[in-house]
There are 2 protein chains.
Amino acid sequence: MANEVILLDTWASMFGMRARIALAEKSVKYEYKEEDLRNKSPLLLQMNPIHNKIPVLIHNGKSIRESAIIVQYIDEVWNDKASFMPSDPYERAQARFWVDYSDKKVYDTWKKMWLSKGEEYEEGKMELISIFKTLEGALSDKLFYGGDTFGFLDIGLIPFYSWFYAFETYGNFKMETECPKLMAWTKRCMEKR
Amino acid sequence: MANEVILLDTWASMFGMRARIALAEKSVKYEYKEEDLRNKSPLLLQMNPIHNKIPVLIHNGKSIRESAIIVQYIDEVWNDKASFMPSDPYERAQARFWVDYSDKKVYDTWKKMWLSKGEEYEEGKMELISIFKTLEGALSDKLFYGGDTFGFLDIGLIPFYSWFYAFETYGNFKMETECPKLMAWTKRCMEKR
């Protein structure tokens, strides 16, 4: 079977980054197609008619959508390399839970801080810090969320690092001070590049 | 290993139903603990401190949260019975996508119809019908979403059936007229009881 892999994405998207990291970890060769989100391509509208959103992975003509689902798909198809998923079902459930938690919480809380002033801004800021402290708690003293290896939850969370500068600037706080262990983890992840 | 399984749930919850159906499909014996959501038990707050929500599956003292994640966990742990998941990675990605789609769309759209009047009510109603037509399209001419067998996506979607009466009454439409194939699928699911 021909292995034609295309990623519809836009460079700044943290959700797209998940797909790109997963493809890189599995050494999958693919064609990257940058989308202009103000003028979406007919291919994007055809391949994701439900949400009209990137990222979309197109594998031999079939489209896979939603970043966490794309990462699991890549893991399951290119299974000659080590799995992103923990071998224990409970640890797998935990990894899925924390990716789901970050998807439900981070963006909405950031928007709350970003779009408001006064009390609501302060509330949003405190919530955002608390979310990352919670995620830091889930890391505990491990090297990576996947234990000794970089796994599904690491792939799910590390792209948020690209938002930290905005959080810190707009929220006037330092991730390093609030979440030192999480920041040490981001450094370990960055060394992988 | 002792297999102590407890489900924290409340009878009317469609998300709890997913867990109950998955446990029934795998013939897992478990203790059902009904939660009063206006007065949550210390056990619920301890086992789901992040969201304080049901359902929570407690397996040998460890908690698994979020209904779609619970269903996958049950599938992976009690793997002596047929898997809920399609064997093909693309079909698995599709099943995950449609469960995610229904989680993101149905409740919010129902709320939009339910809490509004006039134009917004009509808009919500049309959107709700369109969501179920989309889900009916994903069923196509198959017996179940899992093909010939009742699988992950069937478990994810069938509990919405318990909301249909409210949709029809409040929206003044008939699911039978709008989505006849989907309704035939609900009947096949109900015959499994």
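Throughout, protein chains are lettered first and strands after them, A, B, ... in sequence-line order, and every chain is numbered starting at 1. Computed over heavy atoms, backbone and side chain alike; hydrogens, waters and symmetry mates excluded.
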Does B:Leu45 share a hydrophobic cluster with B:Leu43, counting links as ILVMFWY side-chain heavy atoms below 4.5 Å and allowing steps through other members? no
Taking side chain as C-beta onward, heavy atoms only, is A:Arg96 less than 4.5 Å from B:Arg65? no
A:Lys174 atom NZ: more than 12 heavy-atom contacts under 6.0 Å: no
One should read off an interatomic distance between A:Glu76 CD and B:Ser87 OG, to the nearest 0.5 angstrom, of 11.0 Å
Greater than 12 external heavy atoms within 6.0 Å of A:Trp78's CH2: yes
A:Leu7, A:Ile21: one ILVMFWY side-chain cluster at the under-4.5 Å cut-off? yes
Minimum heavy-atom distance between B:Tyr73 and A:Ala93, given as atom pair plus value: CD1-CB, 4.1 Å
Cluster question for you: counting only ILVMFWY and a side-chain heavy-atom cut-off of under 4.5 Å, with indirect links fine, are A:Ile129 and A:Leu139 together? yes
Any chance you could lay out the side chain to side chain contact (heavy atoms under 4.5 Å, CB included) test for A:Phe97 and B:Ile50, step after step, and finish with the verdict? CA-CA 10 Å; A:Phe97 175 79; B:Ile50 302 292; 4.0 Å; yes
Are the side chains of B:Tyr101 and A:Glu66 in touch, meaning some heavy atoms are under 4.5 Å apart? no
State the CH2-CD1 distance between B:Trp98 and A:Ile69, to the nearest 0.5 angstrom. 11.0 Å
